[in-house]
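The block underneath contains the structure these notes are about, expressed in C-alpha cells.
Each chain gets a letter, A, B and so on, in the order the sequences are listed, and its residues count up from 1.
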Protein chains: 2
Amino acid sequence: MKKNNSIGEILRKRREEKGLLLRQVAALLDVDTAILSKIERGERKAKKEQIVQLAKILELNQEDLIIQFLSERILYEIQDEELGEKALKVAEQKIKKNNTKQIKD
Amino acid sequence: MKKNNSIGEILRKRREEKGLLLRQVAALLDVDTAILSKIERGERKAKKEQIVQLAKILELNQEDLIIQFLSERILYEIQDEELGEKALKVAEQKIKKNNTKQIKD
DNA sequence: ATTAACTTGACAATATTTGTCAATTATAGC
DNA sequence: GCTATAATTGACAAATATTGTCAAGTTAAT
C-alpha cells in the first residue's frame, strides 16, 4: 500500500511511466536537468508555473497537482514551528470567515 | 463587537494602551519607525524574531501572537489561489499523518 | 504656524530562491 | 573490465523578494 506522498514522487513516477528522460522534460520546462532532478527528489521547490507546465507535459490532473504543490508550500512555511498546526487551523478559520463575509458582495 | 483581526491591529491597539510611541517601540525593536508603522498597518510583514520581541515589549501572550503571525504567513502564501482552502486542508491532513507516525520514534 | 507623531515612497542592503555548469556517480550494454 | 548515457551533486551566479534607511509629506493638537 505505497502512497505518493510528495509532489516529487508523483512527478518522477509519472515521468518514468511515460518513458521520458529528465533531459527531455527539463528541456520542455526550460531548465537544466539538475533542477528537475532536484525537484523530483524534493531537494528544491518548483515554481508554480513549472507545476502547471509539468501537469501538461506529464498529463497529470492540474488541480490536484497544484493543491499538492500549495500544501507543500504551506508546510514549508511552518516547518520546525511548534505552533504550526494551530496556526493552520487559525488560517482555515480566517478563510471560512472571509467566505461567509463574501455574501455582502 | 469589533474584533482584532490582524496582527497589526493587535500590536497597534496594545501599543496605544500602553501609551508608547512608534518611535519608542521601534527603538527597542531596532528598526526605523517607518517599518513598525507599516507592520501595524499591515503593509509589511514582520519577521518572526520581531514578533517575539514585540510580545515581550508589549506584554502580549507570545504563543498567541506567534500563532497569529504564522497564520498570516500561511494565508499570504495562498493569497489569490483558488485552490488555497483545499491546499490548507491537505496540509493539515499531512501534519496529522506525520503526528501519528511519530509513535514509532 | 509650530511641533510631534505618524505615513509614504524611493531607494539600498540583505537574504532567499532559482538557475547554470562541471565534475561525479550510477546503471546498462558490450 | 570499458564505454555510453542518465542522473546526481555541489559550487557558484543570476534573479527575485524581503527588509531596512532616509527624507519628504501628512495629520492632528495646541
Side-chain angles (χ1 to χ4, degrees), chain A residues 6-55 57-58 65-66 68-81 84 87, chain B residues 6-55 57-58 65-66 68-81 84 87:
Chain A
S6 68
I7 202 164
E9 289 174 74
I10 294 168
L11 294 171
R12 171 147 296 186
K13 176 158 171 268
R14 197 72 219 288
R15 177 174 63 78
E16 289 175 345
E17 274 172 15
K18 303 202 77 176
L20 295 168
L21 301 177
L22 275 181
R23 166 161 48 83
Q24 299 173 307
V25 176
L28 292 169
L29 260 191
D30 195 32
V31 294
D32 195 274
T33 62
I35 295 221
L36 186 54
S37 169
K38 285 167 186 169
I39 289 170
E40 286 186 349
R41 285 171 301 104
E43 195 185 309
R44 287 238 184 148
K45 293 173 292 179
K47 298 199 296 188
K48 190 192 170 189
E49 177 54 26
Q50 292 168 334
I51 292 300
V52 172
Q53 287 183 263
L54 283 166
I57 294 166
L58 300 175
L65 206 61
I66 289 175
Q68 195 65 26
F69 165 72
L70 291 175
S71 72
E72 288 188 15
R73 195 150 90 174
I74 290 165
L75 259 11
Y76 179 80
E77 283 302 307
I78 58 177
Q79 74 186 165
D80 308 324
E81 291 287 352
Chain B
S6 68
I7 203 166
E9 289 173 76
I10 294 168
L11 294 171
R12 172 147 297 185
K13 177 158 170 269
R14 197 74 220 285
R15 177 173 63 79
E16 289 176 345
E17 274 173 15
K18 302 202 80 177
L20 296 167
L21 301 176
L22 274 180
R23 166 161 47 82
Q24 299 174 307
V25 176
L28 291 170
L29 261 191
D30 195 32
V31 294
D32 195 273
T33 61
I35 295 222
L36 187 53
S37 169
K38 285 167 185 170
I39 289 170
E40 286 186 349
R41 285 172 301 105
E43 195 185 310
R44 287 242 182 144
K45 292 173 291 178
K47 298 199 296 188
K48 190 190 171 190
E49 177 54 27
Q50 292 169 334
I51 292 300
V52 171
Q53 286 183 265
L54 283 166
I57 294 166
L58 301 174
L65 206 60
I66 288 175
Q68 194 65 26
F69 165 72
L70 291 175
S71 73
E72 288 187 14
R73 196 149 90 173
I74 290 165
L75 259 10
Y76 179 81
E77 284 302 307
I78 59 177
Q79 74 186 167
D80 308 325
E81 292 286 351

Between L21(B) and T33(B), does the side-chain contact (heavy atoms from CB on, under 4.5 Å) criterion hold? Intermediate values first, please. CA-CA 9 Å; L21(B) 301 176; T33(B) 61; over 6 Å; no
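- Base pairing of dA13(C): its partner is dT18(D), meeting the Watson-Crick or G-U wobble criterion (both donor-acceptor distances under 3.5 Å).
- Exactly one residue among E16(A), E17(A), R12(A) makes a side-chain contact (heavy atoms from CB on, under 4.5 Å) with R14(A). That residue is E17(A).
- For the salt bridge (Lys or Arg N to Asp or Glu O under 4.0 Å) condition, no pair includes a residue of residues 20-39 of chain A, sequence neighbours left out.
- For the atom pair CD1 (I51(B)) and CD1 (I7(B)), the distance works out to 3.5 Å, reported to the nearest 0.5 Å.
- Counting to the nearest Å, the P atom of dT8(D) and the CG atom of L21(A) are 12 Å from each other.
- Distance Q79(B) CD to dA17(D) P: 12 Å, rounded to the nearest Å.
- Computed from coordinates, the R41(B) CZ to dT7(C) C1' distance equals 6 Å when rounded to whole Å.
- Per the geometry, CD belonging to E40(A) stands 8 Å off P belonging to dA7(D), to the nearest Å.
- In terms of phosphate contacts, R12(B) brings a side-chain nitrogen or oxygen within less than 4.0 Å of OP1 or OP2 of dT7(C).
- For R41(A), the side-chain hydrogen bond (donor to acceptor under 3.5 Å, both in side chains) criterion is met by S37(A), E43(A), not counting sequence neighbours.
- Ion pairing between a basic and an acidic side chain is recognised when a charged N comes within 4.0 Å of a carboxylate O; R73(A) and E77(A) show no such pairing.
- At whole-Å resolution of the value, CD in E16(B) and P in dA28(D) are 13 Å apart.
- Side-chain N/O atoms of S37(A) include one lying less than 4.0 angstrom from OP1 or OP2 on dT8(D).
- From L28(B), atom CG reaches atom CD of Q24(B) across 8.0 Å, with rounding to the nearest 0.5 Å.
- Rounded to whole angstrom, the span from the CD atom of Q24(A) across to the P atom of dA6(D) amounts to 8 Å.
- Look at dT27(C): it lacks any Watson-Crick or wobble partner with both distances under 3.5 angstrom.
- For dA4(D), the O4'-C1' to base torsion is within 90° of 0; the nucleotide is therefore syn.
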How does protein contact run along nucleotides 9-30 of chain C, one letter per nucleotide 5' to 3', with B for base contact, S for sugar-phosphate only, - for none, heavy atoms under 4.0 Å? B-------SBBBB---------
